[in-house]
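Here's the structure we're looking at; comments come further down.
Quick note: numbers below take in every heavy atom, side chains included, and nothing from hydrogens, waters or symmetry partners. Protein chains get the first letters and strands the later ones, always in sequence-line order, with residue 1 at the start of each.
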Amino acid sequence: MRVVTAFEQQVYEAISAIPCGKVTTYKYLAQRLGCGSAQAVGQALKRNPHAPQVPCHRVINSQLKIAGYMGQVSGEEVQRKIDLLAAEGVEFDSDGYLEDCSLVLEEW
DNA sequence: AGGGTGACTGCTA
DNA sequence: GTAGCAGCCACCC
């Protein structure tokens, strides 16, 4: 049983609160949590005990690129997430970059 | 108690 | 424009 700290809980809550068809960045998310360190957010998602309940694919980096695993798009698992995002209206490039940067939600 | 890691970011060469 | 280095916070061993 993994101990979900308050910080992680906030991360999951924030991600879960992201409206459909929208995405956000690690930086803004971290800033909203009052940390300013996206690395900490990445840690929380890495330890993500909530699985699909927490759509981590909605979180992208500052370069508007999807963060699948190890910061790079590797594996068809991530590709599936991209497809899922596309179904919500968020289309990504074949390189994993967000096509429409206006879909990035900076406040929610 | 201390050190190392990481799904990141930003600056500099 | 591309590549490499340092800084940052939280979690794990």
Side-chain angles (χ1 to χ4, degrees):
Chain A
M1 186 61 181
R2 209 162 287 120
V3 179
V4 181
T5 64
F7 186 83
E8 292 180 329
Q9 190 64 49
Q10 289 177 81
V11 176
Y12 307 138
E13 282 287 316
I15 296 172
S16 300
I18 299 175
C20 217
K22 296 279 185 177
V23 294
T24 188
T25 65
Y26 283 97
K27 186 172 182 284
Y28 216 95
L29 188 57
Q31 195 171 347
R32 183 177 175 79
L33 296 178
C35 300
S37 179
Q39 199 99 23
V41 179
Q43 276 293 357
L45 270 57
K46 174 189 168 191
R47 301 289 168 187
N48 180 9
H50 292 274
Q53 187 176 332
V54 179
C56 40
H57 47 266
R58 280 185 187 162
V59 185
I60 62 178
N61 58 16
S62 292
Q63 296 186 354
L64 290 310
K65 187 180 178 185
I66 191 164
Y69 205 68
M70 289 176 70
Q72 295 295 321
V73 180
S74 54
E76 298 181 14
E77 297 293 321
V78 178
Q79 186 60 45
R80 187 181 43 164
K81 294 179 180 177
I82 296 175
D83 187 62
L84 189 65
L85 265 289
E88 295 182 359
V90 184
E91 298 181 40
F92 284 89
D93 196 301
S94 55
D95 292 324
Y97 286 93
L98 183 65
E99 292 251 4
D100 191 344
C101 54
S102 61
L103 294 176
V104 178
L105 188 61
E106 297 182 335
E107 295 181 41
W108 74 97

What pair of heavy atoms forms the shortest contact from A/Ala38 to A/Lys27, and how long is it?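 Minimum heavy-atom contact is CB-N, 3.9 Å.
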For residues A/Tyr28 and A/Glu107, report the shortest heavy-atom separation together with the two atoms involved.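 Taking A/Tyr28 first and A/Glu107 second, the nearest heavy atoms are OH-CG, 3.5 Å.
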For a quick check of understanding: with a heavy-atom distance under 4.0 Å over all strands, which category does A/Thr5 fall into, base, sugar-phosphate or nothing?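 Sugar-phosphate contact only - A/Thr5 comes under 4.0 Å of backbone atoms but never of a base.
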Mind checking A/Gln63 for me? I need base, sugar-phosphate or nothing, with any heavy atom below 4.0 Å counting as a touch.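 It contacts nothing in the nucleic acid.
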5′-ward residue of the pair A/Arg47/A/Lys27 relative to DNA chain B: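 Looking at the nearest nucleotide for each, A/Arg47 comes out on the 5' side.
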Roughly, in whole Å, what's the span from [atom1] in [X] to [atom2] in [N]?
X       : N      : atom1 : atom2 : value
A/Arg58 : B/dA7  : CZ    : C1'   : 17 Å
A/Phe7  : C/dC11 : CZ    : C1'   : 10 Å
A/Gln43 : B/dT9  : CD    : P     : 14 Å
A/Ile66 : B/dA7  : CD1   : P     : 15 Å
A/Gln79 : B/dA7  : CD    : C1'   : 17 Å
A/Tyr26 : C/dG7  : OH    : C1'   : 19 Å
A/Leu45 : C/dC11 : CG    : C1'   : 13 Å
A/Asn61 : B/dC8  : CG    : P     : 7 Å

Measure from the side chain of A/Cys35, starting at C-beta and using heavy atoms only, and say which of C/dC9, B/dG6, C/dC11 lies closest.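 Given the options C/dC9, B/dG6, C/dC11, the side chain of A/Cys35 is closest to C/dC9.
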Side chain of A/Gln39 (C-beta onward), nearest among C/dC9, C/dC11, B/dA7: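 Looking only at heavy atoms from C-beta outward on A/Gln39, the closest nucleotide is C/dC9.
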Inter-residue atom distance A/Leu29.CG - A/Glu106.CD, 0.5 Å rounding: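 If we round to the nearest 0.5 Å, A/Leu29:CG and A/Glu106:CD are 13.0 Å apart.
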I need the A/Glu88 CD to A/Ile18 CD1 distance, nearest 0.5 Å.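 A/Glu88 CD to A/Ile18 CD1: 10.0 Å, rounded to 0.5 Å.
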Among A/Thr25, A/Ile60, A/Asn61, which one satisfies side chain to side chain contact (heavy atoms under 4.5 Å, CB included) with A/Leu98?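 Of the listed options, the one satisfying the test is A/Ile60.
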Any A/Ser62 side-chain N or O less than 4.0 Å from OP1/OP2 of B/dC8: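 No, no such contact exists.
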